[in-house]
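Please read the structure below before turning to the comments.
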Amino acid sequence: MKETIYTIPVNEAFDKGTECAVCELEKDLESSNVGFVTGPALMEPGVRMEMNKKGFCRRHYTDLLGSQKNILGLSLILTSRYEEVMYELEKKTSSIYEKLVKAQKQQDKNRLSRELSDMLIKRFRSDSSSCFICDRIDFTMDKYFDVLFYMWKTDAVFRKKLTDSKGFCNRHTESLLEYAGREFKNSDYSGFITDLYVLFSTNWKRNEEDLRWFTKKFDYRYKDEPWKDSKDAVARFIQKIVGFIDRSCQK
Ligand SMILES: [Zn+2]
Ligand SMILES: [Zn+2]
């Protein structure tokens, strides 16, 4: 386990000293996966089939477009995915549409319109419910979590690095609490929850203090006082609440 490909990024993420090491891991995965999709993935038939099947969520389509790394590649991905999707959709909807335009009675027109509408809604919902990139990120994040917990348990140097760190954002604290609840028992469980609680509490207070000082600095009585660590307090506080990347609307 010690030498696996996952231990190095986990260690490096903690070395960055930011407000959440797990966010750092996620951020790297976001950019490397966008690069993968518009690069090597295009050359692998198996991967292309998977991309055709899953498509991408709204945020990752936006990221792919924003990266502008390989617009031709993106065009190829879109063509092959939507060729398949539209073929299936048209097979189901064209006969209903034919009947709708020929229908005479309003009652029939209403029923066929409803049928056509429901079919389209179902298709659009399913289109945004799967994402090739989100699935790849989730897969690797699970491995990172396994490694993080393993190292916390077996490597005293890593454990100190974790407890001396600036902690995690609330979203990832929640994920770590849930993971520990599933994977740890007895003294491992209580030990990890204790470490995590101390990290959360200490670092929340540190950020809160910086935020209060930042606010005070706008009061004329404090204008000549130093800023201390408060200049980026608002951004840090928000990162602590939601993390670096908003994955809540991913799919
Ligand atoms: Zn985070
Ligand atoms: Zn996605």
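In what follows, residues are counted from 1 in the order of the sequence shown. Atoms within a ligand are numbered from 1 in the order they appear, just like the ligands themselves. All figures in this text were calculated on a predicted structure; none of them were measured in a lab.
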Determine which of the N, O or S atoms in H60 is closest to the Zn ion (ligand 2) and give its atom name. ND1
Protein N, O or S atoms less than 2.8 Å from the Zn ion (ligand 1), ignoring waters? C20 SG, C23 SG, C169 SG, H172 ND1
Pairs of donor and acceptor atoms involving the side chains of residues 197-211, under 3.5 Å and at least two apart or interchain, shall be tabulated with distances.
from: S201; atom 1: OG; to: K205; atom 2: NZ; distance (Å): 3.4
from: T202; atom 1: OG1; to: V198; atom 2: O; distance (Å): 2.5
from: N203; atom 1: OD1; to: R206; atom 2: NE; distance (Å): 3.1
from: N203; atom 1: OD1; to: R206; atom 2: NH2; distance (Å): 2.9
from: N203; atom 1: ND2; to: K166; atom 2: O; distance (Å): 3.4
from: N203; atom 1: ND2; to: L199; atom 2: O; distance (Å): 2.8
from: R206; atom 1: NH1; to: E19; atom 2: OE2; distance (Å): 3.0
from: R206; atom 1: NH2; to: E19; atom 2: OE1; distance (Å): 3.0
from: R206; atom 1: NH2; to: E19; atom 2: OE2; distance (Å): 3.3
from: N207; atom 1: OD1; to: R236; atom 2: NH1; distance (Å): 2.9
from: N207; atom 1: ND2; to: E19; atom 2: OE1; distance (Å): 3.0
from: N207; atom 1: ND2; to: N203; atom 2: O; distance (Å): 3.1
from: D210; atom 1: OD2; to: R236; atom 2: NH1; distance (Å): 3.0
from: D210; atom 1: OD2; to: R236; atom 2: NH2; distance (Å): 3.3

For the atoms SG of C57 and SG of C134, give the angle they form at the Zn ion (ligand 2), rounded to 10 degrees. 110°
Across all chains, not counting sequence neighbours, the salt bridge (charged side-chain N to carboxylate O under 4.0 Å, His left out) partners of E50 are K54
Checking D195 against T163: is there a side-chain donor and acceptor pair closer than 3.5 Å? no
Using only heavy-atom distances, determine whether the side chains of D127 and Y82 contain a donor-acceptor pair under 3.5 Å. yes
Is L89 close to L120 at the side-chain level, that is, under 4.5 Å between some pair of heavy atoms? yes
Going by the angle between their ring planes, with limits at 30° and 60°, are F192 and F149 parallel, tilted or perpendicular? tilted
Return all side-chain donor-acceptor pairs below 3.5 angstrom for residues 102-112, not counting sequence neighbours, or 'none' if the list is empty.
from: Q104; atom 1: NE2; to: K102; atom 2: O; distance (Å): 3.3
from: Q106; atom 1: NE2; to: N110; atom 2: OD1; distance (Å): 2.8

